[in-house]
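Here is the structure we will look at.
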Amino acid sequence: MVTLAQRLEALRVERGISRPALSAALGFPKTAVEKFETGRQTPAQEQQRKLADYFGVTLPYLRGESDDPSGGDSWLAGGLPEEEPVRTPVTPPVKSRPAAVQEDGAVFGALLKSPSFQALMREAALEALRSPEGQELLAKAVRRELGRR
């Protein structure tokens, strides 16, 4: 596997630019590229972006996570997305039914209402509460409730 340091050095040599010149071109300290290439320092995320943009390659290629500088690797071939996906907060459903029932009300609703399923879940909960950890949780709950009165 190619490391970021190896990939950076190969790209720099291919371009025919010195370490100090590359550092200066990107606004890094004079010895930054030397430290990156020797593995004494890892470039920060912003520095990695600047390096990738300068050489016209993707971040996964620069990091050695991909062998395709243009980002044409598919996820099946081992390519990784260039950036983390933006995670949006999930808003709870407006309906009062459990989420599982909303997905496929007929199947999950029947399962949740099934007496055998309810008995199985009740037995699993009681078994968990009979364990030492469950007993400790019950004792804490009782102490907390008695403290409120």
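Not measured: the values here are computed from a predicted model. Residue numbers count from 1 along this sequence. FYI, side chains are in, hydrogens and waters are out, and symmetry mates aren't considered; it's all heavy atoms of this structure.
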Interatomic distance, Thr38 atom OG1 to Arg19 atom CZ [nearest 0.5 angstrom]: 6.5 Å
Heavy-atom pair with the smallest gap, counting every atom of Ala52 and Leu59: CB-CD2, 4.0 Å
Thr58 side chain to Tyr61 backbone, donor-acceptor under 3.5 Å: yes
Whether Glu37 side chain and Gln6 backbone form a donor-acceptor pair below 3.5 Å: no
Which donor-acceptor pairs under 3.5 Å do side chains of residues 140-148 form with protein atoms, sequence neighbours excluded?
none

Atom pair CG (Leu8) and OH (Tyr54), whose distance is rounded to the nearest 0.5 Å: 11.0 Å
Steps toward side chain to side chain contact (heavy atoms under 4.5 Å, CB included) verdict (Lys50, Asp53): CA-CA 5 Å; Lys50 284 183 178 181; Asp53 289 345; 5.8 Å; no
Side-chain (Ser23) to main-chain (Val33) donor-acceptor, under 3.5 angstrom: yes
Test item: side-chain donor near acceptor, Gln48 and Arg63, under 3.5 Å: yes
Worked check of side chain to side chain contact (heavy atoms under 4.5 Å, CB included) between Phe36 and Gln47: CA-CA 10 Å; Phe36 299 157; Gln47 291 172 321; 3.5 Å; yes
Inter-residue atom distance Leu137.CG - Ser131.OG, 0.5 Å rounding: 7.5 Å
Derivation of the side chain to side chain contact (heavy atoms under 4.5 Å, CB included) call for Glu133 and Glu136: CA-CA 5 Å; Glu133 295 86 2; Glu136 186 178 329; 5.6 Å; no
Nearest-0.5 Å distance, CD1 of residue Ile17 to CZ of residue Arg12: 8.5 Å
Pair Ser66-Asp68, side-chain donor/acceptor within less than 3.5 Å: no
Working for side chain to side chain contact (heavy atoms under 4.5 Å, CB included), residues Asp67 and Arg7: CA-CA 10 Å; Asp67 290 329; Arg7 185 61 52 83; 3.6 Å; yes
Pairwise distance CG(Leu4) to OG1(Thr42) - rounded to 0.5 angstrom: 7.5 Å
Presence of salt bridge, Arg130 and Glu123, under 4.0 angstrom: yes
Side chain Gln118, main chain Pro115, donor-acceptor under 3.5 Å: no
Heavy-atom side-chain proximity of Leu51 to Leu11 below 4.5 angstrom: no
Rounded distance [0.5 Å steps], CZ in Phe28 versus CD in Glu34: 15.0 Å
